[in-house]
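Here is how names work: the chains are called A, B, and so on, in the same order as the sequence lines, proteins then strands, and each is numbered from 1.
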There are 2 protein chains.
Amino acid sequence: MPHVSHLKSLQAVEMAIRTGSLKAAADALGITPAAVGQRIRALEDYLGTDLLLRGRSGLQPTPELERAMSDLRQAFSALERVTETLDFQRISEIQVVADPDWAELWLAPRLPAFREEHPNILFCINGAGDVPLRLGAPDVRVDYGDGRGEPLFSDILVPVTGLDNTRRIADWDPVLQMEGMPLLHLDVQRESPDHPGWVEWFKAFGHRESGPDRGVHYKHARIALEAVRQNVGFLVCGLSLVLSDLDAGSIVTPFPLAQHLRAPHPYRLTLRADAARRPQVQRFAAWLKAEADKTSQTLQSRVLSG
Amino acid sequence: MPHVSHLKSLQAVEMAIRTGSLKAAADALGITPAAVGQRIRALEDYLGTDLLLRGRSGLQPTPELERAMSDLRQAFSALERVTETLDFQRISEIQVVADPDWAELWLAPRLPAFREEHPNILFCINGAGDVPLRLGAPDVRVDYGDGRGEPLFSDILVPVTGLDNTRRIADWDPVLQMEGMPLLHLDVQRESPDHPGWVEWFKAFGHRESGPDRGVHYKHARIALEAVRQNVGFLVCGLSLVLSDLDAGSIVTPFPLAQHLRAPHPYRLTLRADAARRPQVQRFAAWLKAEADKTSQTLQSRVLSG
DNA sequence: TTTCTTGATAAAGAATATCTTTAGTAAATG
DNA sequence: CATTTACTAAAGATATTCTTTATCAAGAAA
């Protein structure tokens with residue numbers, strides 16, 4: 001019983017004939033043209049026969065190969081059905097627990113792009129999503145802090161406000177511009193030194209001397225930002241969480257971005273050891289890191305340019 | 001267009017189902033059971049689904065795999081037809097030019113074993129064989145001498161004779177036992193100092209003082225050995241060329257093998273650069289070297305043990 | 001039961017196969 | 001002609017794939 005060898009070579013040959021050129025085959029297979037050529041030549045060497053006529057602009061099977069082409073096509077079309085069948089069934093869910101503000105304001109707007117590419121992957125994020133919460137440790141955690149876990153990115157904290165409020169600043173004291181302005185805070189900003197807020201910002205950059213901790217406190221950044229959009233007041237907030245608002249113009253940064261505080265800690269990613277083996281989780285993690293890198297870049301350039 | 005990945009894993013899965021066990025699949029594929037398990041698990045990990053139920057004494061496809069099995073079988077049966085078609089066409093001939101005595105007496109008796117394993121490889125050895133001689137340099141050369149080429153083995157030269165002649169020795173002069181005995185020679189032994197014969201042997205070990213170069217001269221060792229078998233006389237000959245005769249008892253070595261001459265040169269193998277790329281030639285060369293090594297071993301142990 | 005055998009699995013390192021890179025060639029195109 | 005395009009060659013880097021070795025579990029035999 002002759003067992004089949006040179007599977008990848010056969011695949012390359014089939015693809016080369018199907019697409020009509022090594023380059024096109026290479027693209028289809030996600031490798032370089034040189035690699036396709038090598039695969040094919042390996043088989044040709046093994047057989048001691050040429051298989052492809054590399055004619056001018058276009059490939060042709062030699063008579064030897066021609067006799068096998070029908071079965072070859074059939075084989076790979078069957079294999080494609082196999083992978084399609086298997087892939088289709090490969091539903092997978094990922095349980096995510098993350099810092100609530102980050103999940104709502106950074107992850108949520110980015111996730112649809114990932115889900116479009118991976119419709120088989122279902123999510124449960126902080127208990128809500130496609131699938132119900134499961135007991136036990138989540139597959140993926142993203143926490144703000146100095147614990148373990150791979151850093152994703154470190155945020156930049158800046159004052160933000162609604163469109164109308166910027167004008168109000170201009171009308172007031174040119175030095176202590178924020179004096180008397182309505183301040184908004186997050187609960188964590190008074191509860192934890194890891195979350196700098198107005199108090200720290202005024203200390204660093206001035207603009208106000210009295211009652212830096214006065215004003216409304218919100219539990220969730222999303223709610224606070226909603227208030228900001230409605231010109232309720234001024235909030236110190238992670239720049240990464242309002243990038244789309246800034247682009248849309250629904251929120252503005254009233255001060256130069258050079259006047260910012262660095263978040264004391266990064267957001268950190270941890271995978272449950274068990275889950276880290278699943279390719280779906282690996283892909284999600286890789287995507288998270290890539291997106292986080294993009295955000296890092298964006299934060300950098302924003303701070304530098306304005 | 002989803003291109004097919006994990007080809008080898010799919011092959012392993014198909015074979016495992018077909019044969020009913022990882023071990024059997026491993027044998028069929030010519031690898032170890034552990035490797036089969038790894039291939040399969042790689043795919044299972046990738047998909048995030050189990051594919052095989054490793055039940056007690058027998059494998060079963062999971063429902064997920066079951067849905068793909070039909071196409072999977074079809075794919076690999078088509079691939080087997082492909083390789084059969086291609087393999088069938090893969091006739092290949094190897095042109096060999098070699099020392100005639102070596103070719104007739106060493107290569108010829110060993111070659112059938114190789115040809116059994118490689119029925120697609122046809123030979124033309126010194127102009128004769130499956131296929132006619134072709135013009136130009138041969139694919140493989142085996143020469144005796146000090147030229148270029150990889151040494152195969154160095155021969156050991158000893159006196160040989162037919163069964164009946166051994167008794168005659170015992171009847172004669174206990175010191176100069178060979179005095180008066182009929183000597184056989186090869187043409188090359190008088191024409192070339194690279195081929196020691198009786199003259200050199202007597203000089204080294206005694207047993208005769210007069211007319212060491214007297215007697216019949218043969219062109220081919222094969223003919224000379226035929227005469228030896230018929231008790232025509234005594235011949236100094238490469239031990240490697242008479243191993244099967246010694247085993248069969250049709251020829252004997254009348255003196256202790258310790259009384260031997262070393263051939264001044266080894267047999268040497270050279271491949272035409274062009275031909276060396278062909279896998280068939282590579283396999284033949286590898287086989288030659290392996291057989292030569294065996295012969296080396298055999299010569300060693302014979303000389304030492306008796 | 002205990003012991004032996006067989007088949008499957010895990011981990012680690014070795015051996016290959018495979019890919020990318022870089023450079024170079026020949027045909028097609030402007 | 002000069003340029004582009006597709007393919008090829010060689011070398012080194014990277015990954016996969018395999019073997020080895022040891023262990024485990026289950027069934028067969030003592």
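- Regarding B:Leu52, its CG atom lies at a distance of 12 Å from the C1' atom of C:dA8, rounded to whole Å.
- Across all strands shown, B:Ala34 has heavy atoms under 4.0 Å from base atoms, whether or not it also approaches the sugar-phosphate.
- Whole-Å rounding puts the B:Glu44 CD to C:dA8 P distance at 13 Å.
- The side chain of A:Lys8 approaches D:dT17 more closely than any other nucleotide in the set D:dC7, C:dA8, D:dT17.
- For C:dT20, its base sits under 3.5 Å from the side chain of A:Gln38 at one donor and acceptor pair at least.
- Whole-Å rounding puts the A:Arg41 CZ to D:dA9 C1' distance at 8 Å.
- Remark: A:Arg39 does not engage A:Glu14 in a salt bridge, criterion side-chain N to carboxylate O under 4.0 Å.
- DNA chain D is contacted by both B:Ala35 and A:Lys23; A:Lys23 maps to the nucleotide lying nearer its 5′ end (nearest heavy atom per residue).
- Proximity of A:Thr32 to the phosphate of C:dT20: a side-chain N or O atom is located under 4.0 Å from OP1 or OP2.
- Put simply, B:Arg54 has a side-chain N or O that comes within less than 4.0 Å of OP1 or OP2 on C:dT9.
- Remark: P of C:dT16 and CG of A:Leu7 are 19 Å apart, rounded to the nearest angstrom.
- Nucleotide C:dT9 holds its P atom 12 Å from the CG atom of B:Leu53, rounded to whole Å.
- In this model, the phosphate group of C:dA17 is not approached by any side-chain N or O of A:Arg39 to a distance below 4.0 Å at OP1 or OP2.
- Computed from coordinates, the A:Gln11 CD to C:dC19 C1' distance equals 14 Å when rounded to whole Å.
- For the helix from C:dT1-D:dA30 to C:dG30-D:dC1, the terminal axes (five pairs an end, C1' atoms, rotation from four pairs onto the next four) enclose an angle of 30°, given to 10 degrees.
- Side-chain contact annotation: A:Ser240 with A:Asp155, donor-acceptor N/O pair under 3.5 Å present.
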Scan the side chains in residues 22-33 of chain B for donor-acceptor partners under 3.5 Å anywhere in the protein, sequence neighbours excluded, and list what turns up.
from, atom 1, to, atom 2, distance (Å)
B:Lys23, NZ, B:Asp27, OD2, 3.4
B:Thr32, OG1, B:Ala35, N, 3.3

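- With contacts defined as side-chain heavy-atom distances shorter than 4.5 Å, the pair A:Glu291/A:Trp106 qualifies.
- Counting heavy atoms from C-beta on, the side chains of B:Gln60 and B:Glu66 never come closer than 4.5 Å.
- For A:Asp143 and A:Arg268, the salt-bridge test fails: no basic side-chain N is under 4.0 Å from an acidic carboxylate O.
- No more than 12 heavy-atom neighbours from other residues, nucleotides or ligands sit within 6.0 angstrom of CZ on B:Arg262.
- Spacing between atom NE2 of A:His6 and atom P of D:dT17 amounts to 14 Å, rounded to whole angstrom units.
- Atoms CG (B:Leu43) and P (D:dT16) sit 14 Å apart, rounded to a whole Å.
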